[in-house]
Each structure stands twice: as C-alpha cells, then as structure tokens.
Amino acid sequence: MNVVSQVGTESKTSKENGIIMNEMSTSGASTAVVERPLGLETRGLHAWFGAHHVLSDINLQFPERSVTGLIGPSGCGKSTFLRMLNRMHEFIPSAAMAGEVLMNGSDIYAPEVDAAAMRLKVGMVFQKPNPFPAMTIKENVLAGIKLANLKVSNHDDIVEKCLSRAGLWKEVKDRLDASGGSLSGGQQQRLCIARSLAVEPTILLMDEPCSALDPGSTLRIEETIRELAEKITVVIVTHNMQQASRVSNYCAFFLSDGGPGVLVEADATRKMFTNPTDTRTADYVQGKFG
Amino acid sequence: MHVVYSLGDRIFRRVVTAGAVTSLLVLALIGLFLFARGVEIFRDMGPKFITGTNWTAGSGDGIIPAEFSIGPMLAGTIVTSLIALFFAVPLSIAGALYMEFFAPAKIKSTLVSMLDLAAAIPSLFFGLWGIQVFSSMGERWAALTSHYLGWFPLFNNELGIFGRSPFIAGLVLAAMIVPIITSVSREVYSRTPRELVDSCYALGGTRWGAIRAVVLPFGRSGVVGGAMLGLGRALGETVAVYLLLNLVFKYNFNILESEGGNIASLIATKFGEATPYELKALLAAGFVLFLLTLSVNMAATAVVQRTAKAQP
C-alpha cells in the first residue's frame with residue numbers, strides 16, 4: 001500500500017517539476033541522460049584499494065533537487081562510490097582513484113580544489129547515527145559551522161531551521177542543551193541530518209542511513225529525505241528495495257561479478273522497478289539475488 | 001535468583017579473586033610497614049616533620065639533638081614533577097597526534113616501537129644523559145629564561161649559576177616520562193570512533209578541526225590517566241634526581257637555582273650511613289611519599305571516571 005502511494009506521489013511531483021527522462025542508452029554505456037540541471041556528475045570513475053580494482057568506469061548523473069538511490073548487493077562498491085563523491089575515499093591509506101566528479105561543471109578532484117571547503121557543499125550522513133558525544137544537541141547542529149570557522153550570528157535560528165528540516169525540532173526544542181547521546185537512535189540520525197544541513201550543502205550523501213533504525217524511525221527519515229529533495233540533491237545508498245522505491249526519483253544499480261563493480265543500469269526509479277532494460281536489474285529488484 | 005556456578009567456574013573465580021586481593025594486600029602491607037617503622041618519628045617530630053627544613057642525625061650523645069623534617073624534599077618532589085609534567089604533557093599529546101593522524105604508516109610503526117623501547121630505558125641512563133649531555137644545554141635555556149623572565153620570582157636566579165637546578169632535573173624527568181604519556185595518549189586517540197572523525201571531515205572540517213572537535217575530547221580521560229602514570233614515575237624517581245640535584249635542605253621555589261632534592265633521592269642518599277633512628281625517619285619520609293603517590297593515583301582515577309561518565 002505504502003509503496004504504491006509513495007510512488008504515486010513521486011510521479012506526480014515529477015510531472016509538476018516537468019522532468020522528462022529519456023530512455024537510457026542501450027547496453028554498454030552506463031549513462032542516465034536527463035534534461036534537468038545536474039547537481040553532480042561522474043565521468044569514467046575508477047577506484048582501487050591497493051591493487052584491488054573495486055569500481056570501474058562509472059558514468060552517472062545526479063539531477064538537481066532529486067533523490068538518487070544507489071542499489072546493489074554487498075561488495076559492489078556503491079558505498080565506495082558514495083565516498084568518492086565528497087573525497088572521503090582518499091582518507092583510506094591505500095585508496096586510489098581515476099576519473100572526474102563534476103560539481104557545477106568543475107572537477108572536485110582538480111588539484112586547486114580545497115577538499116574541506118568542497119565538503120561544505122557535499123554533506124554526508126553515515127550508516128550508524130553518530131552525534132558528537134561530548135556535545136549537546138545544539139552544539140551538534142552547530143558543529144559544522146564551528147569546524148569550518150563560518151561566521152554566522154543567528155545561531156539559534158540555524159539550530160531551529162535545521163532541526164525543523166530534519167523533522168526533529170518539536171521533539172527536542174525544550175532540551176537543546178541535553179547531550180546528543182541522550183536521544184533515541186532514530187532521533188540521533190535526524191540530529192546527524194540536521195548537523196549536515198547547518199553548513200547549507202547543496203548535495204547530501206547518505207550511506208544506508210536507516211539500516212540501524214527501527215521501521216518507524218525509518219519512515220520518519222524517509223519523509224525527511226523527500227522534503228529535503230525539494231531544495232537539495234540527495235544521493236542515498238540503500239540495501240532496502242522498498243526504501244529505494246519509496247524514496248528515490250532515480251536509481252542506479254551497481255553490480256560486481258567478482259571483478260570491479262560496474263554500473264549496470266541507471267534510470268527513473270519507476271522504470272527500474274517495473275521495466276528495467278537489463279535482466280540483472282530485474283532479477284535484483286525482484287529479490288532473485290543479492 | 002540463585003546462580004549455580006560449575007566447579008571450574010568456582011575455582012577460576014577463587015584464583016582471580018586471590019590475585020586481586022594479593023595486590024591490595026601487598027600495597028596495604030607496604031604502607032603499614034612504612035608507617036609502623038616511621039610512627040616514632042611522626043610522634044617525636046609532629047607536623048614539623050612535614051614542614052620543617054632541618055635534617056640532622058645528631059651527635060649520638062645527645063649534645064646535638066637529632067632532628068628530621070622533609071619540607072624542602074617534599075616540595076622538591078612536587079616542584080620537579082610539575083615541571084616534568086608541564087613540558088611532557090604537551091609534547092606527548094603533540095607526538096601522539098602526529099603518530100596517529102599525520103605520520104606515514106612506515107614512520108608511525110618505527111616511532112611506536114621506538115617509543116616502547118624508550119619507555120623501558122632505566123632511569124639511571126636518563127640521569128647520566130642529564131648530567132653528561134643535557135645539562136649544558138639546559139643551563140643555557142635556564143640562563144635565557146632567567147634573563148627574560150627573571151622578574152618573575154619563580155625564574156629568579158641571583159647567583160648566576162644554573163647547573164643542577166630543579167628546572168634541569170624536571171626537564172630530564174620530562175624526557176623520562178614522555179614515552180609513557182605518549183604511548184597511552186596514542187592508544188586512546190587511536191580508539192576514536194572512525195565515523196566521528198569522518199563526520200568532521202564530511203562537515204567540511206580540516207584535520208585539526210576534527211582533532212579539536214572529536215579526538216581531543218574523546219581522549220581526554222585517557223590522556224589524564226597517562227599523565228598521572230608519568231607523574232607517578234616522576235614523583236618516585238630516585239636515581240636521576242639523585243644524580244642531577246644537589247641535596248639542599250632549604251625551600252627553593254626559584255627553580256633555576258642549584259638547590260633541591262626529592263624524597264626518593266633523600267632516602268637513597270642517606271640510607272647507607274643512617275643511624276638506626278635516622279633510618280626510621282627515612283622510612284617515615286617513604287610513608288609520606290607513599291601517601292602522595294597513592295593520592296595522586298586516586299585523584300587520577302576519579303578524574304578519569306568523571307570524564308568517562310560525561311561521555312555516553
């Protein structure tokens with residue numbers, strides 16, 4: 001029921017926004033072509049850990065103000081891919097990469113790019129809720145501003161705005177000075193979302209943000225994601241097919257057959273779930289493997 | 001609810017309980033021994049034993065009365081240890097952060113093993129190194145400090161002689177305790193949850209930002225614990241201080257002047273030729289040192305527990 005209604009809402013939204021998805025180009029080239037400003041785009045992206053080639057030639061486009069779900073079985077490199085979108089990949093000592101990640105048309109891996117400044121524009125929410133333990137709820141929200149030395153005066157407004165956008169304001173507004181760790185798991189994850197929003201990113205990367213949460217919290221976060229996508233571009237890794245169908249406008253299916261992970265297919269979520277081009281996609285979304 | 005343990009469990013439980021009780025018992029017995037031997041001195045000297053500045057074995061025939069008090073040595077113990085901590089803690093934190101967050105893998109592993117080696121160097125060598133190698137450099141540092149900061153009583157030096165001062169002894173002690181503090185600090189920093197550090201980076205934080213926001217608060221209690229371990233070593237240090245300081249029974253808070261001593265080096269100096277009554281005084285001094293280190297350790301435990309509780 002829920003799935004159907006959500007997909008329904010989504011298609012309506014799509015029409016309102018006037019998105020036209022073209023058919024994906026046929027086998028081989030893994031590119032989803034869309035007529036809509038791009039929030040982010042990867043070209044010929046490869047990743048290695050030491051000598052181990054984990055991702056091969058990923059070309060993918062993320063339309064602005066939409067949710068793109070990255071799906072695929074474990075070990076297909078989708079989390080690695082996500083971490084390459086904000087250069088978190090490079091913190092792993094043996095990691096290497098090739099290719100381009102274009103944000104507003106310029107490569108975030110270009111030598112002159114300040115990675116820390118770039119990450120202000122590309123927020124990230126992790127699998128396990130991880131509020132800073134030594135900080136209060138309020139301090140957690142403002143942590144990014146403090147970390148990046150941003151000069152802002154209206155701290156209280158930012159806290160309220162971000163917590164509201166993350167759907168947490170009503171629950172915590174009377175205890176902003178309580179420790180972030182005193183919240184429930186789902187609330188902590190929404191706090192982490194609020195924390196990423198405080199530095200006003202235009203892109204938000206989410207690495208299985210609900211996998212450690214109960215179904216109720218998961219639904220709350222999915223609502224939040226839908227609302228966020230009205231303003232920013234969201235990329236979400238998920239193992240949960242229902243979640244992908246509920247929450248995303250577009251889906252990208254990654255797969256590894258023992259070698260490096262490749263992008264099998266990327267398209268509008270509805271098409272991916274009802275009429276995918278590649279039989280492997282069909283098998284995966286129907287739960288035949290993975 | 002009644003829990004039934006198997007025979008193996010019961011035996012194991014007794015063995016480990018015995019181990020725990022034994023270490024407590026040994027500690028208590030040492031304290032008791034020192035107190036029992038020294039109690040006569042405490043009775044004879046009263047509080048003056050702690051505050052007085054005179055250590056005289058007496059002439060034995062009663063013409064010159066014996067008088068024992070450890071004020072300057074107690075003060076010297078604390079002063080040299082604080083100097084050591086003052087220099088060692090920032091250095092150790094910096095070293096630990098470098099090894100954990102900046103050093104390339106190869107350098108890191110080399111440093112870690114060298115650090116463990118350094119922690120095992122007998123303090124005698126630190127004392128010898130202090131006298132033979134470090135003293136001349138330390139004297140120059142002391143002269144400079146006195147030249148520029150001499151208006152401050154702590155750094156005043158009227159004689160212009162800078163050797164064998166608490167300052168130099170403190171620096172050598174600092175070198176001695178840096179390895180242990182660094183080692184403990186690095187260990188706790190390395191346990192900072194990876195995802196917290198990642199979150200800082202993802203928020204646009206720099207490495208320093210991540211360290212300040214997450215790593216330092218997370219490691220605080222561990223670093224305090226490491227510093228207290230170091231402090232314990234510095235408080236009880238015997239040989240290095242014995243070699244480096246002139247034992248002078250006078251309160252000396254001008255740390256650049258050539259006077260000082262600590263309780264442990266007092267005991268080492270006097271022990272060999274002590275009269276039976278003086279021996280009791282030395283054991284009484286030992287009891288004071290025992291209490292001092294015990295209270296430092298208990299304070300450290302309290303600090304560690306309190307900061308640990310503050311982090312859910």
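Note on naming: letters A, B, ... go to the chains in the order of the sequence lines (proteins, then strands), and numbering restarts at 1 for each one.
In this structure, B:Arg194 CZ and A:Phe126 CZ are separated by 9.0 Å, a value rounded to the nearest 0.5 Å. With rounding to the nearest 0.5 Å, the separation of CZ in A:Arg119 from CG in B:Leu203 is 10.5 Å. To the nearest 0.5 Å, the span separating OH on B:Tyr201 from CD on A:Glu90 amounts to 10.5 Å. Rounded to the nearest 0.5 Å, atoms CE (A:Met124) and CD (B:Glu195) are 12.0 Å apart.
No more than 12 heavy atoms of other residues, nucleotides or ligands sit less than 6.0 Å from atom CZ of B:Phe12. For CD of A:Glu200, the number of neighbouring non-hydrogen atoms (other residues, nucleotides, ligands) closer than 6.0 Å is 12 at most. Counted within 6.0 Å of NZ on A:Lys161, heavy atoms from surrounding residues, nucleotides or ligands total 12 or fewer; the atom is thus considered open. Dense packing is recorded around CZ of A:Phe49, with more than 12 heavy atoms of other residues, nucleotides or ligands lying under 6.0 Å away.
Heavy atoms of A:Lys128 lying under 4.5 Å from chain B belong exclusively to its side chain. Contact of B:Ala210 with chain A is made through the backbone alone, with heavy-atom distances under 4.5 Å. There is no contact between A:Met118 and chain B, counting heavy-atom distances below 4.5 Å. No part of B:Arg207 comes within reach of chain A, as not one of its non-hydrogen atoms sits under 4.5 angstrom from that chain.
Contact check for B:Leu196 versus A:Pro131: no side-chain heavy atoms found under the 4.5 Å cut-off. Side chains of A:Phe132 and B:Cys200 form a contact here, defined as non-hydrogen atoms less than 4.5 Å apart.
In plain terms, the two heavy atoms of A:Ala148 and B:Gly204 that are nearest each other are CB-O, 4.2 Å. Closest non-hydrogen pair, A:Ala116 versus B:Gly205, comes out as CB-O, 4.0 Å. Looking at every heavy atom in both residues, B:Ser199 comes nearest to A:Arg195 through OG-NH2, 3.2 Å.
Chain B forms the most heavy-atom pairs under 4.5 Å with one residue out of A:Asn130, A:Val122, A:Asp114, A:Leu120, and that residue is A:Asn130.
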